[in-house]
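All remarks here apply to the structure that follows.
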Amino acid sequence: MSKLFKFFLALLAAALAVAAVIGGYSVGKRATYPVAYSEYIIKYADEYELDIFLVMGVIKQESNFVPDAESDYACGLMQLTEETAAWNAEQMGLNDYDYKDPETNIRIGCHYLRYLIDHYQNTDTALAAYNAGMGNVSEWLANPDYSSDGVTLDEIPFSETRHYVKKVNGYCEKYREQYG
């Protein structure tokens, strides 16, 4: 990693911390676009070569930065299922871990997001898989009603997943505007 890139990351971390302390640009933006755990987001986004604003967008959509958020199947900042966390931890060589811990959740979530992006070679397709599962997305890509090229989803049949991809991308851009 270049010294300039390390400097940029340190500067961004400082800016995010200052923005969190003094309230960002406005109370409305702060409430709508919170950032917590920026040091972990920056660290693991860098480690897994992810756009930090994409990671923020995923966390915003998944948990709104609430570390103990739980749904029917998943928990934590990046809403990992126990199975997804276990598979990724094995791939990462982690033996003793608590996937509900904020740092560990972000670390494993970033690893998984990188895996999906590498697997599908398309960020939106990877986001769809993050939400709907790889099995569903692989079926959609094989179906010409949903994908004309087998890589890009022209149509996402699950409305929840369609909205998920749109919201994560929107949050990513809002974070980029606010902090970028």
Side-chain angles (χ1 to χ4, degrees), residues 1-2 5-6 9 12-13 16 34-143 146-147 149-153 156-158 160-165 167-169 171-172 175:
M1 180 172 19
S2 74
F5 187 67
K6 284 182 182 179
L9 287 177
L12 182 59
L16 288 172
V35 174
Y37 308 100
S38 60
E39 67 276 15
Y40 302 140
I41 294 168
I42 291 167
K43 178 179 180 179
Y44 295 113
D46 178 48
E47 183 174 328
Y48 294 106
E49 299 178 357
L50 295 167
D51 179 346
I52 62 169
F53 302 113
L54 177 65
V55 176
M56 289 177 186
V58 169
I59 294 172
K60 167 73 173 155
Q61 178 60 28
E62 291 288 351
S63 68
N64 201 31
F65 289 86
V66 176
D68 56 354
E70 290 191 30
S71 67
D72 292 339
Y73 307 105
C75 62
L77 291 162
M78 295 190 76
Q79 289 292 286
L80 300 172
T81 65
E82 190 171 351
E83 295 78 17
T84 298
W87 182 84
N88 280 276
E90 182 180 330
Q91 300 300 309
M92 298 164 70
L94 299 177
N95 296 317
D96 187 29
Y97 65 93
D98 174 7
Y99 76 99
K100 296 178 183 179
D101 168 72
E103 180 177 6
T104 305
N105 195 273
I106 292 171
R107 181 180 181 194
I108 292 173
C110 284
H111 177 273
Y112 185 48
L113 189 56
R114 173 83 269 157
Y115 170 79
L116 292 173
I117 291 170
D118 289 346
H119 181 79
Y120 290 109
Q121 296 296 304
N122 180 285
T123 301
D124 285 351
T125 305
L127 289 173
Y130 196 97
N131 178 260
M134 293 180 70
N136 286 320
V137 169
S138 293
E139 285 179 22
W140 300 339
L141 289 172
N143 185 333
Y146 304 128
S147 177
D149 62 7
V151 175
T152 306
L153 290 170
I156 299 175
F158 291 177
E160 176 189 332
T161 302
R162 191 170 44 251
H163 294 301
Y164 177 88
V165 172
K167 284 187 169 207
V168 169
N169 282 319
Y171 292 146
C172 177
Y175 279 113

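Quick caveat, the model's predicted, so the values are computed rather than measured.
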For this session: Mind listing the closest non-hydrogen atom pair of Pro102 and Tyr37 along with its distance?
Result: CB-CE2, 3.6 Å

For this session: Determine which pairs satisfy side-chain hydrogen bond (donor to acceptor under 3.5 Å, both in side chains) with at least one residue from residues 88-98, sequence neighbours left out, and list them in order.
Result: Asn88-His111

For this session: Quick one: do Leu94 and Ile108 satisfy side chain to side chain contact (heavy atoms under 4.5 Å, CB included)? Show the steps, please.
Result: CA-CA 10 Å; Leu94 299 177; Ile108 292 173; 4.2 Å; yes

Problem set entry | Backbone N/O of Ile42 and side chain of Asp46: donor-acceptor pair under 3.5 Å | no

Problem set entry | Heavy-atom neighbours of Gln121 CD exceed 12 at 6.0 Å | yes

Problem set entry | Gap between atom OG of Ser138 and atom CG of Asn143 - 0.5 Å precision | 12.5 Å

Seminar exercise, completed: CE (Met134) and CG (Leu116) are apart, to the nearest 0.5 Å, by 5.5 Å

Exercise. Less than 4.5 Å apart, any side-chain heavy atom of Val58 and any of Val55?
Worked result: no

Problem set entry | Leu153 and Leu141, any side-chain heavy atoms less than 4.5 Å apart | yes

For this session: Please name the pair of heavy atoms, one in Tyr48 and one in Arg114, separated by the smallest distance, quoted to 0.1 Å.
Result: O-CD, 2.7 Å

Exercise. So Leu127 and Asn169, side chain to side chain contact (heavy atoms under 4.5 Å, CB included) or not? Walk me through it.
Worked result: CA-CA 9 Å; Leu127 289 173; Asn169 282 319; 4.0 Å; yes

For this session: Side-chain contact test, heavy atoms from C-beta onward, threshold under 4.5 Å: evaluate it for Ile106 versus Ile59 and give yes or no.
Result: yes

Problem set entry | Heavy-atom closest contact (Val151 atom, Thr125 atom, distance) | O-OG1, 2.9 Å

For this session: Run the numbers on Ile117 and Leu54 for side chain to side chain contact (heavy atoms under 4.5 Å, CB included), then give the verdict.
Result: CA-CA 12 Å; Ile117 291 170; Leu54 177 65; 4.1 Å; yes

For this session: Taking the side chain as every heavy atom from C-beta outward, state whether Arg107 and Tyr40 have any atom pair closer than 4.5 Å.
Result: no

For this session: Dump the intermediate steps for salt bridge (Lys or Arg N to Asp or Glu O under 4.0 Å) on Lys43 and Glu103, then the final yes or no.
Result: CA-CA 10 Å; Lys43 178 179 180 179; Glu103 180 177 6; 3.5 Å; yes

For this session: Hey, could you give me the NZ/OH distance between Lys60 and Tyr171, rounded to the nearest 0.5 Å?
Result: 5.0 Å

Problem set entry | Listed once per pair and sorted, the ring-ring contact (aromatic ring centres under 6.0 Å, His included) pairs that draw on residues 66-92, sequence neighbours left out | Trp87-Tyr115

Exercise. Are any side-chain N or O atoms of Thr84 and backbone N or O atoms of Leu80, one a donor and one an acceptor, separated by less than 3.5 Å?
Worked result: no

Problem set entry | Leu77 backbone acceptor or donor facing Asn105 side chain under 3.5 Å | yes

Seminar exercise, completed: In this structure, SG of Cys75 is separated from CD of Glu82 (nearest 0.5 Å) by 8.0 Å

Exercise. Which residues satisfy the ring-ring contact (aromatic ring centres under 6.0 Å, His included) test with Phe158, sequence neighbours excluded?
Worked result: Trp140

For this session: Please name the pair of heavy atoms, one in Asp149 and one in Thr152, separated by the smallest distance, quoted to 0.1 Å.
Result: OD1-N, 2.7 Å

Exercise. When you measure from the side chain of Asp51 to the backbone N and O of Phe53, does any donor-acceptor pair fall under 3.5 Å?
Worked result: yes

For this session: For the pair Ser63 (side chain) and Met78 (backbone), establish whether a donor and an acceptor sit closer than 3.5 Å, ignoring hydrogens and angles.
Result: no

Problem set entry | Donor-acceptor pair between Tyr130 and Gln79 side chains, under 3.5 angstrom | no

Seminar exercise, completed: Nearest heavy-atom approach of Cys110 to Leu50 is O-CD1, 3.4 Å

